[in-house]
Every structure is written in C-alpha cells, then in structure tokens.
Amino acid sequence: MRSFELAVLFAFTCLGMSEIKSSAIPRVGDRFLFHQETITTGTASFQDEPLEPLSQDFEVWGQALVSEIDGGHEVTLRFTFDRFVLRVSIGDQGSCELEVLPGKVILDGTAVYDRERNPDLPVGLLDLLINEEIGVKLDPQSSDTQIRQFRRNRSQRSYLDLLSVVRGSLIPAPPLGIEVEQSWVVVRPMEWLGGNIVLPATETYRYNQQPSETNPVRILQRTVEAHQRKPIGTPIRMGLLATENLRFDALGPNLTAPPPEMKILDFDYDAKEILEFDTVWGFTRKVGSISEIRMTAEVPPPDGIEMKKKELVLHRRTLLTVEKATDSEMTGEERELLLGNAAEPN
C-alpha cells in the first residue's frame with residue numbers, strides 16, 4: 001500500500017479554468033461519453049535516499065449530459081463518472097492496481113468493497129468518489145465565458161482530482177478576428193494538487209485549423225508554462241481511507257487539529273497540447289497533452305514531527321477522447337428521470 005499512497009500523493013493536475021465557444025449549441029439531452037488516460041513516468045527522491053523510478057497510469061470513463069439551456073444559450077452540463085483505474089509502480093516497492101466502479105472497489109484483483117455482496121458495510125470513500133457529480137454552467141456564445149459553477153460532492157476528500165477531467169474537456173474558442181496560423185496569449189490561474197494550489201500560468205494558443213463544410217473540427221495548439229520559486233504551504237490529507245474529519249498530529253489521531261502542511265519549495269510545469277473541438281456537436285472531440293513537471297517539496301509524515309524533502313521529475317502524456325451518444329442509448333425513463341420536463345427529444 002505504501003507505493004500506492006506515495007504515487008497518489010504526487011498525482012496532481014495542472015489544468016486551469018477554460019473558456020468555450022462554438023458555432024453550435026448542444027441541445028438538452030445531448031450526452032457525451034469521454035475516456036481520459038494519463039501516463040506518468042519519472043523519478044522520485046525521498047530525503048537522502050537514491051532516486052527511484054516512478055510510473056503511474058490513470059484511466060477514467062464518464063459522461064457529460066446537457067441538462068438545461070437557459071435563455072437560449074447558457075448551457076448547464078452534468079458530469080458523472082462510471083469507472084476509473086489506477087496502476088502504480090515505484091522502484092523496488094512493487095506495484096498495485098486500483099479499480100473503482102459504482103458499488104465496487106477492487107485492489108490488486110480483490111474486491112475490498114462490494115455493495116452487492118456486503119450491503120451492510122459502510123460505503124467506502126473511493127466508492128463515494130465515483131458517484132460524484134460535477135455541474136458546469138457556461139455561455140458558448142460569449143468570447144469571455146468562464147466555468148460558472150462547480151458542484152463538488154466529494155472530490156476534496158481524495159488526492160484523485162476528477163475536476164481536472166472536466167476542465168480538460170472544455171476547449172476555448174479563438175478570439176474574434178483571429179485567423180488560422182495566428183497566436184494569442186492568455187494569463188490565468190492554474191489549479192493543481194486538487195485545487196489547493198493556484199498559480200499564475202501563461203497559455204499561448206495557435207489557431208491551427210478552421211472548421212469547414214466538410215470538416216467541422218476546429219483545432220487549436222496550446223502551450224502552458226508555470227514556474228514557482230517562492231515556498232507555498234498547502235494542507236495535505238493524511239490518508240485516502242480516512243474520513244474527512246480525521247487528521248493526524250504529533251500525538252496521533254486528532255479529530256479537530258489539521259495535519260502539518262506540505263510545503264512546495266519550487267515547481268516547474270511545461271506542456272504542449274492539441275485541442276480538437278467539434279462545431280456541430282458544440283463540444284470537445286479530442287485533447288492530447290505532453291507535459292514535463294519538476295517539483296521539490298517538504299512533506300510531513302503521519303506523526304507530524306519531521307519534514308522530509310521530496311523531489312519529483314515527471315513526464316506526463318494525456319489523451320482525452322469524446323464520443324456523442326445517440327438518443328437510443330438513453331431510455332425514456334432515464335430521460336424523464338434526468339431531465340424532467342425537458343425529457344422530450346427535439
């Protein structure tokens with residue numbers, strides 16, 4: 001279990017808030033099925049110990065449902081998650097695989113929680129995470145649209161930041177007057193470590209492909225840079241399976257005192273991304289990203305006494321693909337349950 005906890009501790013996400021604009025607006029009831037895989041390789045050093053190779057493969061499957069359109073253009077999306085799989089390996093500490101589905105948590109092939117077989121057991125923390133719903137409101141017709149609202153039920157309880165998948169699926173539009181092969185720069189906050197750290201980041205965009213009658217895909221290229229040299233402290237949750245109010249201090253479990261903070265000493269992030277947006281769907285088609293990450297931090301152990309210096313050098317590849325679901329894939333009962341009076345398809 002140590003390898004799993006160590007890897008997830010540093011599995012942070014570095015995508016910021018995004019804009020979106022399209023020539024078409026999704027209609028109520030439209031569903032988009034997405035799959036994102038993030039493969040991370042690199043090295044980790046802990047205090048004076050030698051470098052250890054680290055690898056992590058994280059896959060998540062989910063859906064985005066258009067549940068409401070207000071005023072003809074403000075769109076409300078409901079993101080839900082169907083499954084995720086996390087594979088981790090650190091040096092000679094071994095490897096592990098964690099799979100979470102609704103009602104089931106599987107660790108290295110063994111079901112550690114199964115609602116069907118043990119209905120009386122308390123619901124596990126990771127099982128709660130997969131049942132999370134994230135709501136987003138945005139205006140696709142505005143050139144300055146921001147994500148208006150996140151409704152997080154449980155993501156703050158875990159190092160696994162499913163909000164990053166939502167952000168990664170929302171693609172900006174070129175500003176008015178920008179032509180193909182032209183570029184523009186945006187400076188906006190970048191969130192990582194589950195949103196505990198917010199840093200300024202520079203995003204440089206290039207308009208690579210304009211949609212046409214035969215090809216509705218708009219393609220953008222984005223590079224992202226963020227650098228931090230001033231130490232920053234951030235709260236750290238001391239156990240994936242601990243309840244939200246359980247914290248640790250130097251005397252042991254303490255239900256009221258927060259744990260010592262983790263201190264980020266320096267941080268470098270550089271990424272190159274290709275963003276594909278379908279102007280007929282009014283939604284994303286594909287996002288691919290390659291990033292290089294370096295971080296040095298001081299991290300407290302569970303007893304809260306001695307801070308240990310840790311350094312990560314990571315190479316990360318992410319691919320998010322989206323398909324539009326057909327109406328036949330949702331029953332009339334499901335439409336009525338999810339959409340209410342808006343259940344009738346156009």
Original post:
How far apart are the C-alpha atoms of V66 and V75, what are their side-chain angles, what is the distance that settles it, and do they pass the side chain to side chain contact (heavy atoms under 4.5 Å, CB included) test?
Top reply: CA-CA 7 Å; V66 180; V75 179; 3.9 Å; yes
Mind listing the closest non-hydrogen atom pair of [X] and [Y] along with its distance?
| X | Y | value |
| --- | --- | --- |
| L220 | Y207 | CD2-CD2, 3.6 Å |
| I264 | A297 | CD1-CB, 4.0 Å |
| A226 | P200 | CB-O, 4.0 Å |
| W281 | V322 | CH2-O, 3.6 Å |
| P216 | V280 | CB-CG2, 3.5 Å |
| G168 | V287 | O-CG2, 3.3 Å |

Would you call [X] and [Y] a salt bridge, taking side-chain N to carboxylate O under 4.0 Å as the test?
| X | Y | answer |
| --- | --- | --- |
| R316 | E292 | no |
| E311 | R294 | yes |
| D268 | R229 | yes |

Subject >> Stepwise side chain to side chain contact (heavy atoms under 4.5 Å, CB included) test for T321 and Q36 >> reply: CA-CA 7 Å; T321 55; Q36 177 175 299; over 6 Å; no
Would a hydrophobic clustering, with Ile, Leu, Val, Met, Phe, Trp and Tyr connected at side-chain separations under 4.5 Å, put [X] with [Y]?
| X | Y | result |
| --- | --- | --- |
| W61 | L86 | no |
| V85 | V112 | no |
| F267 | V313 | no |
| V186 | V224 | yes |
| I293 | L319 | no |

Subject >> Residue among H227, E225, M190 satisfying side chain to side chain contact (heavy atoms under 4.5 Å, CB included) with Y269 >> reply: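 Of H227, E225, M190, side chain to side chain contact (heavy atoms under 4.5 Å, CB included) with Y269 is met by M190 alone.
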Original post:
So among P172, P175, S183, which one has a side chain to side chain contact (heavy atoms under 4.5 Å, CB included) with Y205?
Top reply: P172
In Å and rounded to the nearest 0.5 Å, what is the [atom1] to [atom2] distance from [X] to [Y]?
| X | Y | atom1 | atom2 | result |
| --- | --- | --- | --- | --- |
| K286 | I171 | NZ | CD1 | 11.5 Å |
| Q210 | R218 | CD | CZ | 8.5 Å |
| S45 | K309 | OG | NZ | 8.0 Å |
| E37 | F58 | CD | CZ | 10.5 Å |
| N208 | Q221 | CG | CD | 5.0 Å |
| H35 | D82 | NE2 | CG | 11.5 Å |

Main-chain N/O of [Y] paired to [X] side chain as donor or acceptor, under 3.5 Å:
| X | Y | answer |
| --- | --- | --- |
| T38 | T318 | no |
| Q209 | V217 | yes |
| R285 | E276 | no |
| E179 | E181 | no |
| D30 | R27 | yes |

pair [X]-[Y]: side-chain heavy atoms closer than 4.5 Å:
| X | Y | result |
| --- | --- | --- |
| I232 | L199 | yes |
| W184 | P174 | yes |
| L320 | V165 | yes |
| T204 | R206 | no |
| I134 | T80 | no |

Original post:
Does CD belonging to E323 count more than 12 external heavy atoms closer than 6.0 Å?
Top reply: no
Subject >> Geometric class of the F79/F34 ring pair [parallel <30°, tilted 30-60°, perpendicular >60°] >> reply: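 Judged by the thresholds at 30° and 60°, the geometry between F34 and F79 is tilted.
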**OP:** Any chance you could lay out the salt bridge (Lys or Arg N to Asp or Glu O under 4.0 Å) test for E273 and R222, step after step, and finish with the verdict?
**Re:** CA-CA 5 Å; E273 304 171 357; R222 175 168 61 188; 2.6 Å; yes
**OP:** Kindly determine whether E59 and R87 satisfy salt bridge (Lys or Arg N to Asp or Glu O under 4.0 Å), including the steps that lead there.
**Re:** CA-CA 9 Å; E59 290 188 81; R87 306 174 186 91; 3.1 Å; yes
**OP:** Could you please spell out the steps behind the side chain to side chain contact (heavy atoms under 4.5 Å, CB included) verdict for I106 and L101?
**Re:** CA-CA 8 Å; I106 303 170; L101 306 113; 4.3 Å; yes
**OP:** Apply the test side chain to side chain contact (heavy atoms under 4.5 Å, CB included) to residues R188 and E203: give CA-CA distance (whole Å), side-chain angles for both, the deciding distance (0.1 Å), then the verdict.
**Re:** CA-CA 8 Å; R188 76 170 104 242; E203 302 178 7; 3.1 Å; yes
